[in-house]
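The block underneath contains the structure these notes are about, expressed in structure tokens.
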Amino acid sequence: MANLPSNKSPGKDQSGLRYPTNGKTIYHRPLNRTKTSELSQASFAYLFSEMVSYAQRRVTGIQDLEKRLNLQGHPIGLKLLDLLLHREPARTQARPLNVIALLHLIKIGVWTHLFGRQADRLERSSNPETPDEYMIIDNEPLVNAFVSVPREMSQLNCAAFVAGVVEGACDGAGFPARVTAHSVGGKEEGEMWPGKTVFLVKFAPEVLEREALIGKS
């Protein structure tokens, strides 16, 4: 009896979706056409300045503006962590299981994906009363490089947008936290890093409780 032809073709599952023979989908491909191509800084500066202008509409003060910038970045971080892990080989495709592993992934992986380099430092609060606080330090945040802040808004730090990305990554990984951006660089002449920013990551109480239980096991 002759064999009947199969309706299932290579690279196609029963749901009708087609997959490349190498197993890689669109999520494995970089957003740029080539690995060496980069987004124009002029294009980025224009886009981000428009985002700041949009967030600035009908705000009641600097804190309100920073909160809106934070909210703009949060959904990006929420999805970015999954994307970075999905691009990893299957043998290393493991989600972070503790705070340190998560923060190292953000300091190295998230920063490199967004800005082409790692963040400069990662520190834990030395204050025994705040064991839930960690700091990611960036000496020159790219988002602040093209923003001219008026004198009356000198306390504004537009890196609140990046703080939102970090907060979204923490939430997406199951480590809820509140992340804020703080300017610590001096404005004095000769200051090496006048735009230095500290991203203060304050984890929720349940995160520390889980860390303590993991440490005992």
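Keep in mind it's a predicted model, so treat the numbers as computed, not measured.
Counting all heavy atoms, side chain and backbone alike, Val143 lies closest to Ala159 at CG2-CA, 3.6 Å. The two residues Met153 and Gln56 make their nearest non-hydrogen contact at SD-NE2, 4.0 Å. Val59 and Ala55 make their closest contact through CG1-O, 3.0 Å (heavy atoms, listed as atom of the first residue, atom of the second, distance). What you find for Cys158 and Leu69 is that their closest heavy atoms are CA-CD1, 3.9 Å.
Residues satisfying the side chain to side chain contact (heavy atoms under 4.5 Å, CB included) criterion with Gln118, sequence neighbours excluded, are Lys107, Ile108, Thr112. Every residue meeting the side chain to side chain donor-acceptor pair (under 3.5 Å) condition with Glu123, not counting sequence neighbours, appears here in chain and number order: Arg121. Among residues two or more places apart in sequence or in another chain, the side chain to side chain contact (heavy atoms under 4.5 Å, CB included) test is passed with Asn98 by Ile100, Ala101, Glu211. Every residue two or more places apart in sequence or in another chain that forms a side chain to side chain contact (heavy atoms under 4.5 Å, CB included) with Lys196 is listed here: Ile137, Asn139, Val184, Trp193. Shown here are the side chain to side chain contact (heavy atoms under 4.5 Å, CB included) partners of Tyr54, two or more places apart in sequence or in another chain: Arg57, Gln72.
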> How far apart are the C-alpha atoms of Leu102 and Phe203, what are their side-chain angles, what is the distance that settles it, and do they pass the side-chain contact (heavy atoms from CB on, under 4.5 Å) test?
Replying inline: CA-CA 12 Å; Leu102 171 65; Phe203 288 100; 4.3 Å; yes
> Please walk me through it: do Val207 and Asp132 pass side-chain contact (heavy atoms from CB on, under 4.5 Å)?
Replying inline: CA-CA 8 Å; Val207 175; Asp132 56 345; over 6 Å; no
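Once rounded to the nearest 0.5 Å, the distance linking CG of Leu83 with CD1 of Ile76 reads 12.0 Å. Atom CD of Gln155 sits about 9.0 Å away from atom CD of Gln63, to the nearest 0.5 Å.
In this structure, Leu208 places its CG atom where more than 12 heavy-atom neighbours from other residues, nucleotides or ligands lie under 6.0 Å away. The number of heavy-atom neighbours closer than 6.0 Å to CD of Glu129, taken from other residues, nucleotides and ligands shown, is 12 or below. Around NZ of Lys67, the count of heavy atoms belonging to other residues, nucleotides or ligands within 6.0 Å does not exceed 12.
Hydrophobic clustering of Ile, Leu, Val, Met, Phe, Trp and Tyr side chains at less than 4.5 Å, counting indirect connections, unites Leu47 with Val52. No continuous path of ILVMFWY side-chain contacts below 4.5 Å connects Leu156 to Leu71, so the two sit in separate hydrophobic clusters. Residues Leu105 and Leu78 fall into different hydrophobic clusters, defined by Ile, Leu, Val, Met, Phe, Trp and Tyr side chains chained together at heavy-atom separations under 4.5 Å.
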Could you give the side-chain donor-acceptor pairs of residues 160-180 under 3.5 Å, partners two or more places apart or in another chain?
unit_1: Glu167; atom_1: OE1; unit_2: Arg178; atom_2: NH1; d: 3.0
unit_1: Glu167; atom_1: OE1; unit_2: Val179; atom_2: N; d: 3.1
unit_1: Asp171; atom_1: OD1; unit_2: Ala177; atom_2: N; d: 3.4
unit_1: Asp171; atom_1: OD2; unit_2: His74; atom_2: NE2; d: 2.8
unit_1: Thr180; atom_1: OG1; unit_2: His182; atom_2: NE2; d: 2.7

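In this structure a side-chain-to-backbone donor-acceptor pair under 3.5 Å is present from Glu66 to Asn157. Between the side chain of Arg117 and the backbone N or O of Trp111 there is no donor-acceptor pair closer than 3.5 Å.
Between Asp120 and the choices Asp138, Ile136, Thr197, the side chain to side chain contact (heavy atoms under 4.5 Å, CB included) rule is met once, by Asp138.
Considering only heavy atoms from C-beta on, Asp82 comes within 4.5 Å of Arg95 through its side chain.
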